[in-house]
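Atoms within each ligand, like the ligands themselves, are counted from 1 in listed order. What you see below is based on every heavy atom in this structure, not just the backbone, and it leaves out hydrogens, waters and symmetry mates.
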Amino acid sequence: MNVFSRPTPEARGLGMTSQRARDRLIDRLKATGITERRVLDVMRRLPRHLFVEEALASRAYEDTALPIGQAQTISQPWVVARMTEALIERKLPTKVLEIGTGSGYQAAVLAALVATVYTVERIEELLRNARRRFRKLGIENVRSKHDDGKLGWPEHAPFDAIIMTAAGEVIDPVLFEQLAEDGVLIAPVGPAGAQRLLRYRHDGKKWAGESLGDVSFVPLLSGLG
Ligand code: SAH
């Protein structure tokens, strides 16, 4: 289906050398509370070092966010795992919208679990690099566009899940309009230094948010980068 069944020779070679490092990262994620086997299995196989610049590849399996250029970061593995776990907890979504492609790592994790991932990135160079990574890894079920993703991607709605990987002060109500009725939206919300990871689900009357803990994400910005 993708990287995991048909890796390119390049991806295969690099994957081999870093398997031990990935195994250690997975042990750490387990020790720090990640329990969803499907998420751990995907992250055990996905070569995160291909999603960072070569100079940082040796740090790719540390549980830390790393710079990816343009003042942006690839999210910390624990955060990616927690968000993905929270997204698939009740039922595995079919169609997921991600706002903030960045390196493409979170999209690649999701692509191994769901049928189609739609992802939007406002900085063209980052999106170009992410698309190159998807191609290299044989990931074919990610559709991406260069745009301000604040208002979602209405042409492809409804989504079973929406995941935001940049923090806004509020969530625009149009995003809820693009969610399936039994859908889930996960987003970091709040100003720098006081963000919480929120999960919204419909309770029959309204979209209700629950906090999954404190987080630190880059800000959701307007317009194109
Ligand atoms: N999911 C990414 C995390 C990247 S950091 C990963 O796995 O690497 C968040 C990204 O959101 C940045 O690349 C930033 O440019 C992007 N972003 C911020 N505001 C945005 C907006 N309004 N629309 C689309 N992307 C946005």
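The side-chain tip of R48 points at the ring of Y105 from less than 6.0 angstrom away and within 45° of straight on.
Using a 4.5 Å heavy-atom cutoff, the side chains of D172 and V170 are not in contact. A heavy-atom distance below 4.5 Å is found between the side chains of F51 and L46. Taking the side chain as every heavy atom from C-beta outward, D160 and V96 never approach each other to under 4.5 Å.
Applying the 4.0 Å criterion to heavy atoms of L126 picks out, from ligand 1, the atoms 13 (O). Numbered from 1 in the order shown, with element, the atoms of ligand 1 that lie under 4.0 Å from a heavy atom of T73 read 3 (C), 4 (C), 5 (S). The contact set between ligand 1 and I74, taken as ligand atoms under 4.0 Å from a residue heavy atom, comprises 8 (O). The atoms of ligand 1 that sit less than 4.0 Å from any heavy atom of D148 are 21 (C), 22 (N), 23 (N). Close approach of ligand 1 to G149 is summarised as follows: ligand atoms under 4.0 Å from at least one heavy atom of the residue are 21 (C), 22 (N), 23 (N), 24 (C). In the vicinity of T101, heavy-atom distances shorter than 4.0 Å reach the ligand 1 atoms 1 (N), 2 (C), 6 (C), 8 (O). Which parts of ligand 1 touch Q106 is read off a 4.0 Å heavy-atom cut-off, strictly below it: atoms 1 (N), 7 (O). Atoms of ligand 1 lying under 4.0 Å from any heavy atom of V120, numbered from 1 in the order shown and given with element: 24 (C), 25 (N).
Considering S103, G102, A167, A107 only, the shortest heavy-atom separation from atom 8 (O) of ligand 1 involves S103. Of the listed residues (P219, G152, G223, G100), the one carrying the non-hydrogen atom nearest atom 18 (C) of ligand 1 is P219.
Atom CD of E155 is surrounded by more than 12 heavy atoms from other residues, nucleotides or ligands within 6.0 Å.
A centroid separation of 6.0 Å or more is found between the aromatic rings of W207 and Y200.
Side chain to side chain, R131 and S144 meet the donor-acceptor criterion of an N or O pair below 3.5 Å.
A heavy-atom separation below 4.0 Å is found between S75 and ligand 1. Ligand 1 lies out of reach of V109, whose nearest heavy atom is not under 4.0 Å from it. Taking a 4.0 Å cut-off on heavy atoms, E98 registers as neighbouring ligand 1.
Applying salt bridge (Lys or Arg N to Asp or Glu O under 4.0 Å) to D41 and the options R38, R45, R37 leaves one that passes, R37.
Taking the charged nitrogens against the carboxylate oxygens, R201 and E210 do have a contact shorter than 4.0 Å, which makes a salt bridge.
Here V80 has no heavy atoms under 4.0 Å from ligand 1, in either its backbone or its side chain.
In terms of polar-atom proximity, defined here as any N/O pair under 3.5 Å, A166 makes no such contact with ligand 1.
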